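Following: one structure in structure tokens, then a few remarks.
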Protein chains: 2
Amino acid sequence: MPQEKAEFLKGTLDMLILKVVAGGPIHGYAISQRIQQISKDFFQVPQGSLYPALHRLEERDWLEAEWKDTSTGREAKFYKLTRKGRAQLETEMLNWERLSDAVALILRTAG
Amino acid sequence: MPQEKAEFLKGTLDMLILKVVAGGPIHGYAISQRIQQISKDFFQVPQGSLYPALHRLEERDWLEAEWKDTSTGREAKFYKLTRKGRAQLETEMLNWERLSDAVALILRTAG
DNA sequence: CGTAGACACCTAGCTATGCTACCTGTCTAA
DNA sequence: TTAGACAGGTAGCATAGCTAGGTGTCTACG
């Protein structure tokens, strides 16, 4: 049996997270819910993808974290975009546009 | 110095190859040229990505290979789609459509 | 009361992918 | 005769995303 893999988020996760965080400070768990909700359940970010992603984004100085209380009084790590992060988001969105255009071109033209 | 990576083809390579091969028997080197050409130079499939991809597609029985002469008389390995390969292409195209729709939704809605 | 399930965080370890950097050999054109 | 296109290939690396596990709190329900 070769391989039962999901692999939904093909290199788009970082961009999606950055985009959601661009909406204002938000904690990790809520980010994944928001991605799932907006995408109408297409994306279901597993926690094993989410948290490592958040950590690498933080390490690259694209996100900043701070522990704060949620509305329900519990503690959670709230992320916000850094200036570098905002620039990175711009770049990634542009790249994504170009990539999907190029793919669309091939899917329409080739074959 | 972190890392100077290119990473243009984010999980799309298999689909692009299948799509190009769907146009009729074609050899590896020509596949990469065709992808580059149709995408207006956006994609430049390195050989170190191309050949391993072809081999795994063949191993999954999505492609079939046969050595034949090119128009210039040289030998080359011509690939064509198997029935499974054609089905796989359908699936991947559908998935891609859904993926890019979901991403577009988030890029428009979030933030 | 106690327990299931949501909330919120995390890590280890695996696999697959795409990349750089190499290698072989032929043919054509400068 | 030599550079560069053509045509095939491999080794080894980094990374991303996944599964599967873990911690602990709070709420709701039987």
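Because the structure is predicted, anything quoted here is derived from the model rather than measured. So that the names make sense, note that chain A is the first sequence line, chain B the second, and so on, each numbered from 1.
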Exercise for the section: Find the distance A:F8:CZ to C:dT15:C1' and express it as a whole number of Å. Expected result: 17 Å
Handout entry: A:H55 vs C:dT11: side-chain N/O to OP1/OP2 distance below 4.0 Å
Key = yes
Practice task
Answer yes or no: is there a side-chain heavy-atom contact under 4.5 Å between B:F43 and B:L9?
Solution key: yes
Practice task
Quick one: label B:G28 by what it contacts on the DNA or RNA (base, sugar-phosphate, nothing), any heavy atom closer than 4.0 Å.
Solution key: sugar-phosphate
Problem - Spacing of B:K68 atom NZ relative to D:dC6 atom P, expressed in whole Å - result: 20 Å
Exercise for the section: Please work out if B:Q33 contacts a base, only the sugar-phosphate, or nothing of the nucleic acid, heavy-atom cut-off 4.0 Å. Expected result: sugar-phosphate
Problem - Heavy-atom neighbours of B:K77 NZ exceed 12 at 6.0 Å - result: yes
Fill in the blank from the handout: Rounded to the nearest 0.5 Å, the CD1 atom of B:I38 sits from the CD atom of B:Q33 at a distance of 11.5 Å
Exercise for the section: Rounded off to whole Å, could you give me the CD-to-C1' distance for the A:E75 and D:dG24 pair? Expected result: 13 Å
Handout entry: Rounded distance (nearest 0.5 Å) linking atom CD of A:Q88 with atom CD of A:E92
Key = 4.5 Å
Handout entry: Counterpart residues, ring-ring contact (aromatic ring centres under 6.0 Å, His included), relative to B:Y51 (two or more places apart)
Key = none
Problem - Distance in angstrom units between A:E59 CD and D:dA16 C1', rounded - result: 14 Å
Handout entry: A:L81 with A:F78, same ILVMFWY side-chain cluster at under 4.5 Å
Key = no
Exercise for the section: Ignoring backbone atoms, establish whether A:R56 has a side-chain N or O less than 4.0 Å from OP1 or OP2 of D:dA16. Expected result: yes
Practice task
Look at the side chain of B:H27 and decide which nucleotide, out of C:dT11, D:dA7, C:dT20, has an atom nearest to it.
Solution key: D:dA7
Practice task
Specify the separation, in whole Å, of atom CD of A:Q47 and atom P of D:dT23.
Solution key: 15 Å
All N/O pairs under 3.5 Å across the protein-nucleotides 26-30 of chain C interface:
{"residue": "C:dT26", "atom": "O2", "partner": "B:R74", "partner atom": "NH1", "Å": "3.2"}

Problem - Interatomic distance where CG belongs to B:L50 and P belongs to C:dT20 [whole Å] - result: 14 Å
Exercise for the section: Report yes if a side-chain nitrogen or oxygen of B:Y29 is closer than 4.0 Å to either non-bridging phosphate oxygen (OP1 or OP2) of D:dC6; otherwise report no. Expected result: yes
Exercise for the section: Assign A:G73 to base, sugar-phosphate, or nothing according to its heavy-atom contacts below 4.0 angstrom with the strands shown. Expected result: nothing
Exercise for the section: Could you check whether B:T12 gets within reach of a base, just the sugar-phosphate, or nothing at all, counting any heavy atom under 4.0 Å? Expected result: sugar-phosphate
Practice task
Can you sort out which residues in residues 97-105 of chain A have a heavy atom within less than 4.0 Å of DNA chain C? Ascending by number, please.
Solution key: none
Exercise for the section: Please state how far atom OH in B:Y51 lies from atom C1' in D:dG12, giving the value in whole angstrom units. Expected result: 20 Å
Problem - B:E92 CD - C:dT17 P separation (whole Å) - result: 10 Å
Exercise for the section: Please determine if a side-chain N or O atom of B:K77 lies less than 4.0 Å away from the OP1 or OP2 oxygen of D:dG9. Expected result: yes
